[in-house]
Every structure is written in C-alpha cells, then in structure tokens.
Amino acid sequence: MNRAERAFPTAVPTATDLPADAVGGVACVAFATESPLHTRVDVNMADVAQALRRFGIPSRQFQVLFDPSDEAENGRRVDRLVRTILAHGCRLAVFHEVWIPALGDRLIEGGLRLVELRTHTYAKALFVRRTDELASVAADCRVERPLDALSGLVAFIAGESALPSMHFDLNVGQSCGYRGAPAENAFYEHVRAAPEVSRHRGCSYCLAAVLAAPPAPTEEMARRIVETLRRNRAVFPDATQAWLTYPETFLEPLAMALAQSESDPVWRGLTFSFQTRPDVLVRSAPAIERMAERLAVAGAMLRVAVVGFENFSERELLVLNRGTRPSDLDESVAILRRWTAQPPPGLVAAGYTPSFILFTPWTRFEDLELNVRAMEVHGLWNANIERLRVGPGTPVYEKARREGLLEGGSGRPAQHPNGYSTEFEVRFVDPRTASAATGFDALKRLAYDDQTELLGGLLDAVRRAEDPSALDWEAVARDWTALRDLARAGA
C-alpha cells in the first residue's frame with residue numbers, strides 16, 4: 001500500500017483500519033485546494049509528523065483537499081476530518097494556523113489540545129515554533145516501542161473520485177530574484193520616507209524578498225535538490241510533480257544536480273512545475289528550453305504551471321511595483337503560444353494558469369476594462385483573478401493606511417501569506433471598481449473556471465447600471481446557486 005494514501009473518502013475508519021504508528025498521538029492537519037494541474041501537498045507538515053515519530057510520538061498528517069466550487073462538500077470533508085481524528089484517538093492536533101475556528105472548537109470539545117506552528121490566530125491554541133518544543137507538549141503521547149518513519153504517515157481527506165495530480169514544494173534555499181525598490185517608484189513618492197517603503201525590496205505587497213535569506217550557494221542547492229527529491233518521493237510516492245518557486249534561482253543548481261545524478265531513478269516520472277514572472281520568462285526562455293531538454297534525458301519533464309502576469313495596466317504595475325511593462329506580458333504570451341503549439345523537448349506549456357491581481361484600492365474602472373480586453377485578445381480565458389492582498393509591513397499597506405483606504409478592525413488571517421499572517425479589507429477609490437469587486441467576490445466561486453468571462457459580464461453590468469452601488473450581487477449569487485442546484489438535480 002502506498003505510504004501516502006488516500007484514506008477514508010466516504011466513511012470514518014474502524015480500529016482495524018488504523019496504522020499503529022498513528023494511533024493515540026498527534027494529528028498534523030494541512031489544507032490544500034484541489035486543482036486539475038497543481039494540487040499542493042504539505043511536505044512541511046509531513047516533516048513535522050516524521051520528526052514526532054523520531055521522538056517516539058505516534059503521529060499522522062491529515063491532508064484535506066478542498067473543492068474550490070462546492071462549499072457544502074468542503075463542509076462534509078471537514079466533518080469527516082474531525083470524526084477521523086477522533087477515531088484515531090489523537091490527543092493533540094497541530095496546524096500551521098487554525099483557519100476555521102469552528103473546526104478548532106469541535107476538536108477541543110472532542111478532548112484534543114490544539115497547537116499552531118506558524119502564526120497564532122486561534123486564542124484556544126498553544127503557539128509553538130520549534131519541533132522539540134512540540135515534542136515536549138506532546139510528551140504524554142510518547143510510546144516505548146519504535147515507530148516506522150513512513151508507515152501510514154499521510155492520509156488524504158478528499159472526494160470520492162481519484163485524487164488529483166499532486167505536487168510537493170522543492171524547498172532548497174531558493175529565494176525571490178526580484179529586488180525592485182518602491183522608494184524609486186513615482187506611485188510611492190509621498191510615502192517613500194516610511195520605513196515600510198524605504199527599506200522594501202520586491203513587489204509592493206510581498207515581504208518575501210525582504211525576509212528571505214540570500215539564495216544558498218549553487219553547490220549546496222544542487223545537493224539539497226537530490227536529497228529533498230528522495231525524501232519527498234518516499235513520503236508521497238503518488239506525487240507526480242515537484243514545484244519550483246522562483247525558477248530564476250533554480251536553473252543553475254538544477255542543472256548541476258542533473259549533471260551529478262542524471263541516471264538516478266529519483267528523477268524519473270517527475271514533472272518539475274514552476275510559477276514565473278513574465279519578464280523572467282522572456283529573459284530566461286533559452287535557458288528554460290535547455291533545462292527541459294536535460295530533464296527529458298533523465299526521464300523527467302519541465303512544465304510552465306502559472307505565469308504571474310498580474311496586470312496589463314502600466315499604472316497598476318506601478319501600484320504593484322512589479323518591475324515589468326505591458327510589453328513584457330505581450331512578449332511572454334507570444335513565447336507561451338509558441339511553446340504550446342510546438343513544444344520543445346521535455347517542456348509543457350499547454351494549460352498553464354495566467355494569474356492576475358486586478359483589484360487594488362486605486363484601481364480605476366478603466367484599468368479593469370483594459371485588462372479584460374487584453375485577456376480576450378490573448379485568449380487567456382482560464383485566468384485566475386485575485387484581489388490585492390494588503391498585509392502590514394508592506395508599501396501598499398502603508399500607502400493605503402495614510403490615505404484612509406483600510407477598513408477598520410484587526411484584520412483576518414491572510415489567505416495568501418506573503419510574509420505576513422494578517423490581511424486587511426480595503427476601500428476602493430473608484431465606486432464602479434468597488435461594485436465590480438463586490439460582484440466578483442460574490443460570484444467567483446460559481447464560475448471558478450470562467451473568471452475572465454465572468455469579469456467581462458460584471459463590468460458590462462456595472463457599466464449599464466445607473467447606480468452601481470445598488471447592484472445586489474448576493475441576490476444574483478443566490479439565484480445562480482438555485483439554478484445550478486436545479487441543473488445538477490436534472491430539473
């Protein structure tokens with residue numbers, strides 16, 4: 001049986017179903033969203049479970065996969081998670097963050113203690129940073145017999161169909177290669193003296209370039225690549241992809257790792273998927289093609305998974321401090337179109353996800369219209385569209401705060417942590433943008449795979465409305481949901 005197994009898709013296990021090395025100890029809980037191409041498993045939580053077993057503490061990772069378009073099904077999966085953890089007799093549940101307070105409450109009612117490892121978002125949980133501290137907290141779960149490091153280590157809480165293609169992050173000391181300074185950006189001229197702006201490097205909404213250490217030496221990264229592949233493939237033998245974050249820092253060490261271990265079976269059957277910036281893609285296209293060809297010789301492939309276009313508006317690119325121009329986006333689309341039509345050896349570009357950040361506090365309605373037109377011209381119908389996430393310590397936060405564009409309150413747990421754990425709601429300068437953003441938030445879950453078309457329709461509705469703020473998007477969402485449910489019932 002696979003060591004990382006899809007467990008209990010429709011029922012709570014009985015005592016005979018449970019691996020002995022996972023009973024009566026610690027439940028390490030991780031969440032991911034199902035995606036046809038890049039469902040991400042949490043290798044960090046698997047590492048925590050393995051470390052606890054080395055301390056003699058039974059443990060298991062429970063990887064919950066959420067359906068991005070079915071909230072009712074996600075509720076059933078959370079319910080199954082709770083009942084499964086209780087069936088294991090676990091005494092402690094460990095999270096990066098307890099995103100769902102009701103889940104935490106149910107586990108506490110079931111007699112478990114809760115621990116958060118990354119940020120302290122749930123008042124009833126203990127906050128622990130190091131694995132040895134966690135082992136001390138879980139000392140009452142320790143057993144005297146030796147525990148297998150991999151047996152039954154990971155269980156999946158998912159749907160009834162086959163698990164989607166999964167990947168693990170290849171974390172080997174890489175870091176973001178973009179270091180643009182917002183203080184040199186005209187958009188931040190009036191706040192450039194603020195420490196959040198003057199010291200910042202990278203995109204204006206992300207702290208990754210500020211907080212990350214410099215990339216590890218090439219030789220060290222190459223060694224870590226092979227070691228990490230071996231370890232993660234042992235834990236997740238069904239995973240078909242390794243995820244490369246910041247590919248610009250990966251190309252040289254990956255080439256070195258391949259040169260040193262090309263015949264090693266650890267490479268075979270893997271697809272190395274990456275998310276990239278359009279300017280990096282334009283600049284590195286020849287190197288990416290060479291890397292794909294080398295991976296093909298080793299029995300692997302390279303895939304363009306996500307391209308962070310973010311915005312076709314030159315003004316909005318300044319807001320984001322992306323360091324790119326609309327022409328970079330156009331040129332990268334042309335390269336991707338060529339790779340899709342005539343794939344170089346070992347390289348897959350077909351089906352990549354174009355990623356956009358289209359709603360900032362300063363977005364004009366005209367910026368949205370420009371982006372929709374560009375996406376239509378380029379055929380980017382499968383785009384993933386997000387709001388700008390505004391977290392403390394970033395230039396966008398400081399500018400929005402000084403201009404009174406932050407909503408009140410203490411914020412909420414960050415949905416896309418970029419070096420911060422809390423994000424804030426914002427106000428929009430343009431009332432038409434505000435209406436479109438509200439509509440997009442209300443309807444996105446109902447058109448997850450058709451976001452470009454959805455946004456175009458929303459803009460048309462706002463354009464025609466006498467008073468865009470009076471549009472009742474929640475009513476539209478209710479009617480849409482009712483029609484969808486009727487269609488699913490065959491009515």
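Values below: all heavy atoms of this structure, side chains included; hydrogens, waters and symmetry mates excluded.
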Exercise. For Ser435 and Thr438, test the side chains for any donor-to-acceptor distance below 3.5 angstrom and give the result as yes or no.
Key: no

Self-check item: Lys/Arg N to Asp/Glu carboxylate O, Glu474 vs Arg478, below 4.0 Å
Solution: no

Self-check item: Derivation and outcome, side chain to side chain contact (heavy atoms under 4.5 Å, CB included), residues Glu403 and Val429
Solution: CA-CA 10 Å; Glu403 295 182 4; Val429 172; 5.6 Å; no

Exercise. Report yes or no: do Ser273 and Gln241 form a side-chain donor-acceptor pair below 3.5 Å?
Key: yes

Quiz item: Does any N or O in the side chain of Thr249 come within less than 3.5 Å of the main-chain N or O of Tyr246, such that one atom is a donor and the other an acceptor?
Solution: yes

Quiz item: Does some side-chain heavy atom of Asn185 sit less than 4.5 Å from a side-chain heavy atom of Arg192?
Solution: no

Quiz prompt | Sidechain N-carboxylate O distance under 4.0 Å for Glu116, Arg129 | solution = no

Quiz item: Does a donor on one side chain and an acceptor on the other come within less than 3.5 Å for Glu196 and Thr394?
Solution: no

Practice problem: Using distance alone, with no hydrogens and no angle criterion, decide if Asp67 and Asn74 have a side-chain donor and acceptor under 3.5 Å apart. | Solution: no

Quiz item: Does the pair Asp148/Arg53 count as a salt bridge with the N-to-O cut at 4.0 Å?
Solution: no

Quiz item: Are the ring centres of Phe168 and Phe236 closer than 6.0 Å?
Solution: no

Self-check item: NZ/NE/NH1/NH2 to OD/OE distance under 4.0 Å, Arg145 and Asp21
Solution: yes

Exercise. Please test His88 against Phe62 for ring pair (Phe, Tyr, Trp, His ring centres under 6.0 Å), starting from the C-alpha separation and ending with a verdict.
Key: CA-CA 11 Å; His88 276 68; Phe62 295 89; 5.0 Å; yes

Practice problem: Tell me whether the centres of the aromatic rings in Phe187 and Trp362 are closer together than 6.0 Å. | Solution: yes

Quiz item: Are any of the side-chain nitrogens in Arg231 or Glu227 under 4.0 Å away from the carboxylate oxygens of its partner?
Solution: no

Quiz prompt | Ion pair Arg106/Asp79, N-O distance below 4.0 Å | solution = yes

Quiz item: Which heavy-atom pair separates Glu310 from Leu320 by the least distance, and what is that distance?
Solution: CB-CD1, 4.0 Å

Quiz item: Hey, does Asp264 have a side-chain heavy atom less than 4.5 Å from the side chain of Arg230?
Solution: yes

Exercise. For the residue pair Phe55 and Thr131, establish whether any side-chain heavy-atom pair is separated by less than 4.5 Å.
Key: yes

Self-check item: Pair Gln451-Asn384, side-chain donor/acceptor within less than 3.5 Å
Solution: yes

Practice problem: Would you name the heavy atoms of Leu114 and Ile108 that are closest together and state the gap between them? | Solution: CD1-CG1, 3.9 Å

Quiz item: Do Thr363 and Glu316 touch side chain to side chain, with heavy atoms closer than 4.5 Å?
Solution: yes

Practice problem: Assess whether atom CD of Gln275 is packed by more than 12 heavy atoms of other residues, nucleotides or ligands within 6.0 Å. | Solution: yes

Quiz prompt | Check ion pair Arg130-Glu133 (N to O, under 4.0 angstrom) | solution = yes

Exercise. Would you please test Glu398 and Arg401 for salt bridge (charged side-chain N to carboxylate O under 4.0 Å, His left out) and show each step?
Key: CA-CA 5 Å; Glu398 183 60 20; Arg401 184 186 69 81; 2.7 Å; yes

Practice problem: Taking all non-hydrogen atoms of both residues into account, name the closest pair between Tyr122 and Gly104 and its distance. | Solution: OH-C, 3.2 Å

Exercise. With the side chain counted from C-beta on, respond yes when Leu112 and Cys90 share a heavy-atom pair under 4.5 Å apart, and no when they do not.
Key: yes

Quiz item: Side-chain donor-acceptor pair under 3.5 Å between Asn311 and Asn371, yes or no?
Solution: yes

Quiz item: Between Phe274 and Phe250, does the ring centroid distance fall short of 6.0 Å?
Solution: no

Quiz item: Between Thr240, Leu229, Leu295, which is the residue that forms a side chain to side chain contact (heavy atoms under 4.5 Å, CB included) with Leu270?
Solution: Leu229

Exercise. Take atom CZ of Arg199 as the centre, draw a 6.0 Å sphere, and report whether it contains more than 12 heavy atoms from other residues, nucleotides or ligands.
Key: no

Quiz prompt | Heavy-atom closest contact (Ser284 atom, Leu251 atom, distance) | solution = CB-CD1, 4.2 Å

Exercise. Output, in order, the C-alpha distance, side-chain angles, deciding distance and verdict of side chain to side chain contact (heavy atoms under 4.5 Å, CB included) for Glu423 and Val390.
Key: CA-CA 5 Å; Glu423 65 185 36; Val390 178; 5.9 Å; no

Practice problem: Find the distance between CD1 (Ile57) and CG (Leu134) and round it off to the nearest 0.5 Å. | Solution: 7.0 Å

Quiz item: Is there a salt bridge (charged side-chain N to carboxylate O under 4.0 Å, His left out) between Glu189 and Lys399 once you walk through the steps?
Solution: CA-CA 10 Å; Glu189 178 179 2; Lys399 185 172 174 68; over 6 Å; no

Quiz item: Parallel, tilted or perpendicular: which fits the ring planes of Phe309 and Phe356, with parallel below 30° and perpendicular above 60°?
Solution: parallel

Quiz item: Quick one: does Asp169's side chain get under 4.5 Å of His167's, heavy atoms only?
Solution: yes

Exercise. Check the angle between the aromatic planes of Phe127 and His120 and answer parallel, tilted or perpendicular using the 30° and 60° thresholds.
Key: parallel

Quiz item: Ion pair present between Lys124 and Asp105, side-chain N to carboxylate O less than 4.0 angstrom?
Solution: yes

Quiz item: Would you say the side-chain atoms of Ser313 and Asp367 include a donor-acceptor pair closer than 3.5 Å?
Solution: yes

Self-check item: Cation over ring face, Arg277 and Tyr178, 6.0 Å, 45°
Solution: yes

Quiz item: Can you check whether Cys28 reaches Leu52 side chain to side chain, under 4.5 Å on heavy atoms?
Solution: yes

Quiz item: Does Pro354 reach the side chain of Asn382, with side-chain heavy atoms less than 4.5 Å apart?
Solution: yes

Quiz item: Ignoring hydrogens and geometry, is there a side-chain-to-backbone donor-acceptor pair from Arg77 to Leu65 under 3.5 Å?
Solution: yes

Quiz item: Do we see a donor-acceptor contact under 3.5 Å between the side chains of Asp42 and His96?
Solution: yes

Quiz item: Could Arg113 and Asp140 be called an ion pair, given the rule that one side-chain N must be under 4.0 Å from one carboxylate O?
Solution: yes

